[in-house]
Amino acid sequence: MSTALHHGKPRTPSVAQLRAFVAVAEHRHFREAAAATGTSQPALSGAVAALEEVLGVQLVERTTRRVIITPLGERVAEHARRVLGSLHSLTEAVEAARRPFTGPLHLGVIPTVAPYLLPTVLRLVRDSYPELELHVHEERTPSLLEGLASGRLDVLLLALPAGGAAPTRDIPLFDEDFVLVAPPGHPLAGRTDVPRDVLLDLDVLLLEEGHCLRDQALDICREVGADAAAGTTRIAGLSTLVQLVAGGLGTTLLPATALDVEAGRSDRLAAVRFTAPAPGRRIGLATRPGSARSEEYGRFAAALKGVLRELPVRIVE
């Protein structure tokens, strides 16, 4: 391995090299990382190799089946994310100073929110911010938080608190209840006054790991001492989960905003509502603290609250 010195002075990695390595660190796969960055796989692999040469260290172990990031590589990836985030803040500052609500805005959304809120969000952007170039990224929470920290994403729409290793500025939008969904012949079908401890006697189906909604449902079950059917299914989306309920395999918890879309597709489903206060979740925006567009995001959140009142939610004032 060559050293990181050139004519007696340390050599500085390029932005392209850092972006390539961060993509590989996030995807653990050269082909997927190349697709995510819009580059060819040979170019991305060459950029990572060039970064290793510049730094004089091995960052990646290449095998025939997968990519392994070395322990030092993990530390370098964290530094690279912060550097890229700072560079993104620089371009944000220039764009925000030029004119608000114009240019590109990369919005990350969790899968259990995207299908139910995006129509309202997109209508707001189309009607109120016609010069805003909105790019939507539907990903799970850990990937969204990584994208926010690295500058790949600008603002997130997800369940709060956002959490994650890097700090975020959270802007609450609304609270919504969870609704229990069961087959129509279930003894609880149609009731609106059930206590949470009914979960003790039910098979509650969950999404697979990586979804924050899974964690929220598990927390509710643990509160009453119930065991959810966590190990029996590996379901990636709410639509499939609801179909399992319609087929008689159990029950599940849906956010109120998803109820009409998911349960309304079938007459083999019945909603069961909890006695107040019902279990639920809080949805909001998350941005980088100190972002140059912070004021803009605050105004965007206020506008969102105005249009989200039409949904079965409680706006956080």
Side-chain angles (χ1 to χ4, degrees), residues 1-7 9-95 102-111 114 118 132-156 164-166 208 210 236-237 288 291:
M1 177 72 66
S2 62
T3 65
L5 297 180
H6 182 62
H7 299 306
K9 295 183 179 180
R11 296 168 59 189
T12 303
S14 70
V15 173
Q17 292 166 355
L18 294 179
R19 283 179 176 152
F21 178 57
V22 166
V24 171
E26 288 182 358
H27 292 274
R28 297 298 202 269
H29 197 285
F30 275 95
R31 185 176 67 251
E32 293 177 5
T37 55
T39 60
S40 67
Q41 186 172 336
L44 181 123
S45 180
V48 173
L51 178 62
E52 290 179 316
E53 182 178 356
V54 166
L55 298 179
V57 295
Q58 184 178 1
L59 303 174
V60 176
E61 293 181 20
R62 298 164 176 83
T63 68
T64 56
R65 293 188 176 181
R66 60 175 181 162
V67 170
I68 300 173
I69 307 300
T70 66
L72 179 55
E74 295 286 2
R75 292 165 57 189
V76 171
E78 285 301 315
H79 282 288
R81 290 188 184 99
R82 288 196 291 270
V83 170
L84 294 173
S86 296
L87 286 173
H88 189 77
S89 294
L90 172 63
T91 59
E92 270 192 332
V94 174
E95 184 63 32
T102 63
L105 179 70
H106 291 267
L107 172 67
V109 191
I110 56 175
L118 275 181
L132 190 65
E133 300 170 18
L134 185 65
H135 302 269
V136 178
H137 305 257
E138 184 186 60
E139 302 171 21
R140 298 180 188 179
T141 299
S143 177
L144 291 180
L145 292 172
E146 287 181 0
L148 185 68
S150 68
R152 179 173 60 86
L153 301 174
D154 300 308
V155 60
L156 311 180
E208 64 184 5
R288 283 182 297 277
S291 168

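- The residue from H27, H137, E138, R152 that alone fulfils the side chain to side chain contact (heavy atoms under 4.5 Å, CB included) condition with S143 is R152.
- Not a single donor-acceptor pair under 3.5 Å links the side chain of E52 to the backbone N or O of Q58.
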Point to revise | CA sep, side-chain torsions, deciding dist, call: I69, V67, side-chain contact (heavy atoms from CB on, under 4.5 Å) | key: CA-CA 7 Å; I69 307 300; V67 170; 4.1 Å; yes

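- For R28 and E61, the salt-bridge test fails: no basic side-chain N is under 4.0 Å from an acidic carboxylate O.
- Taking CG of L107 as the reference point, atom CG of L153 lies at 8.5 Å (rounded to 0.5 Å).
- With hydrogens and angles disregarded, a donor-acceptor distance shorter than 3.5 Å links the side chain of T37 to the backbone of A33.
- A side-chain donor-acceptor contact under 3.5 Å links S150 to the backbone of G147.
- What you find for R81 and E78 is that their closest heavy atoms are NH1-OE2, 2.7 Å.
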Review point. Given L132 and T102, is the side-chain contact (heavy atoms from CB on, under 4.5 Å) satisfied, shown in steps?
Key: CA-CA 4 Å; L132 190 65; T102 63; 5.9 Å; no

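- Taken from CG in L55 to CZ in F21, the straight-line distance is 9.0 Å, to the nearest 0.5 Å.
- Tested against V155, the residues V109, L144, L105 include a single side chain to side chain contact (heavy atoms under 4.5 Å, CB included) partner, L105.
- Using a 4.5 Å heavy-atom cutoff, the side chains of Q17 and V48 are not in contact.
- Rounded to the nearest 0.5 Å, atoms CZ (R19) and CG (L51) are 13.5 Å apart.
- Under a 3.5 Å cut-off, the side chain of S45 and the backbone N or O of Q41 do not form any donor-acceptor pair.
- Between the side chain of T39 and the backbone N or O of A35, no donor-acceptor pair lies under 3.5 Å.
- A distance-only check finds a donor-acceptor pair linking the side chain of R288 to the backbone of L148 [under 3.5 Å].
- One finds the CG atom of L59 at 12.0 Å from the CD atom of E53 (value rounded to the nearest 0.5 Å).
- Between L84 and V22, the shortest heavy-atom contact is CD1-CG2, 3.9 Å.
- The aromatic rings of H106 and H135 sit parallel, their planes meeting at an angle under 30°, below the 60° perpendicular limit.
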